[in-house]
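Reviewing the structure listed below.
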Amino acid sequence: MPNTTPSPSGPRGDGIRRTDIGRRITTRREALGLSRQELAERSGTATNYIDYLEDRESAPGIGVMLRIADALETTVPELTGGTVDRPQGRGSALRDASLRELGEDECRALLSQGGVGRVALISSDGPAVVPVNYLLADDEIVYRTAPDTVPASAAEAAEVAFEVDHIDDTFSQGWSVLVVGEARRITDPDTIRELEPKARGLAWAGGERPLWLAISPRRITGRRIVNSLGTPLAGQAGTPPPEGDGPGGDTP
């Protein structure tokens with residue numbers, strides 16, 4: 001069992017060199033609601049070794065990576081970034097899988113987590129589906145974008161659809177929520193001032209996003225794939241995860 005940490009190769013910024021593996025371990029662990037100590041206990045490693053993996057440059061062996069991946073209910077390729085460019089949903093379906101309709105309260109709880117969703121609308125070039133960073137504010141789907149972009153076309157539409165989902169390739173599970181409603185521009189300065197701190201940052205795509213839009217739900221429906229591999233993970237079961245930095249605009 002590893003119980004010592006090698007010296008880091010050198011500081012950067014905050015004095016710590018983090019790796020992609022470390023960031024992915026941290027993100028997955030926090031999504032499951034686990035502390036570093038709990039992850040260490042699950043994986044049969046020492047807590048200070050988990051500290052090292054998450055905070056320092058490291059090249060852990062396949063043995064420890066397999067144990068950590070198992071403890072985090074995922075796979076080594078997911079933790080090492082090997083699936084970044086691979087489409088989701090390529091895993092095999094299980095024979096005992098079934099589709100369950102979600103109640104409106106479950107749908108709203110999943111929506112409340114924020115993140116990336118897709119706006120479906122009619123643009124000047126025809127039907128379009130565009131990913132956006134969004135948040136839920138006062139029971140409305142809210143996102144910001146730049147004028148003269150496809151997501152901005154929603155402001156001129158009488159009705160749009162908004163979809164958000166999650167796919168777990170490891171367990172062949174997933175869920176999706178669909179919102180149908182009217183879109184509108186947000187022009188009230190006080191409302192925009194209230195939304196700005198909630199956005200907590202720029203869109204992944206960068207650039208200025210001065211136009212705020214809201215989708216007021218008229219219909220909310222959702223579905224979840226369930227099977228014998230287990231119950232949905234923390235943050236995916238209809239209860240929001242602990243508060244964290246939220247996205248703030250449309251994606252590429």
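Please read these numbers as outputs of a predicted model, since none were measured by experiment.
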Say you draw a straight line from [atom1] of [X] to [atom2] of [Y]; how long is it, rounded to the nearest 0.5 Å?
| X | Y | atom1 | atom2 | result |
| --- | --- | --- | --- | --- |
| Arg144 | Trp212 | CZ | CH2 | 4.5 Å |
| Arg224 | Leu110 | CZ | CG | 6.0 Å |
| Arg56 | Asp51 | CZ | CG | 9.5 Å |
| Glu106 | Arg100 | CD | CZ | 4.5 Å |
| Leu72 | Leu79 | CG | CG | 6.0 Å |
| Ile21 | Glu57 | CD1 | CD | 11.0 Å |

Is there a side-chain contact between [X] and [Y] (heavy atoms, below 4.5 Å)?
| X | Y | result |
| --- | --- | --- |
| Phe162 | Pro217 | no |
| Val132 | Thr145 | no |
| Leu121 | Val150 | yes |
| Thr74 | Arg24 | no |
| Ile141 | Val164 | no |
| Val64 | Tyr49 | yes |
| Leu135 | Leu195 | yes |
| Leu102 | Thr221 | no |

Check against side-chain contact (heavy atoms from CB on, under 4.5 Å), Ile50 and Ser43:
CA-CA 10 Å; Ile50 300 299; Ser43 60; 4.3 Å; yes
How about [X]: does its [atom1] atom have over 12 heavy atoms from other parts shown lying under 6.0 Å from it?
| X | atom1 | result |
| --- | --- | --- |
| Asp138 | CG | no |
| Asp188 | CG | yes |
| Arg118 | CZ | yes |

May I ask whether [X] and [Y] are part of the same hydrophobic cluster, defined by side-chain heavy atoms of I, L, V, M, F, W, Y residues being less than 4.5 angstrom apart, directly or through others?
| X | Y | value |
| --- | --- | --- |
| Met65 | Leu34 | yes |
| Ile167 | Ile225 | no |
| Leu53 | Leu39 | yes |
| Val76 | Tyr52 | yes |
| Ile220 | Leu99 | no |

Taking [X] for the side chain and [Y] for the main chain, is one N or O donor matched with an acceptor at less than 3.5 Å?
| X | Y | answer |
| --- | --- | --- |
| Glu78 | Thr75 | no |
| Ser112 | Ala109 | yes |
| Tyr143 | Pro151 | yes |
| Tyr134 | Leu111 | yes |

Minimal non-hydrogen separation, [X] against [Y], with atom names:
| X | Y | answer |
| --- | --- | --- |
| Ile122 | Ser153 | O-CB, 4.4 Å |
| Cys107 | Gly222 | SG-N, 3.5 Å |
| Ala183 | Ala154 | CB-O, 3.2 Å |
| Glu140 | Ala214 | OE1-CB, 3.7 Å |

Ion pair present between Glu38 and Arg42, side-chain N to carboxylate O less than 4.0 angstrom?
no
Taking only Lys NZ, Arg NE, NH1 and NH2, and the carboxylate oxygens of Asp or Glu, determine whether Glu159 and Arg219 approach each other closer than 4.0 Å.
no
Have a look at Glu54 and tell me which of Arg23, Arg29, Arg28 forms a salt bridge (Lys or Arg N to Asp or Glu O under 4.0 Å) with it.
Arg29
Going through the checks in order, is the side-chain contact (heavy atoms from CB on, under 4.5 Å) test met by Ser216 and Arg184?
CA-CA 8 Å; Ser216 182; Arg184 63 179 176 85; 5.6 Å; no
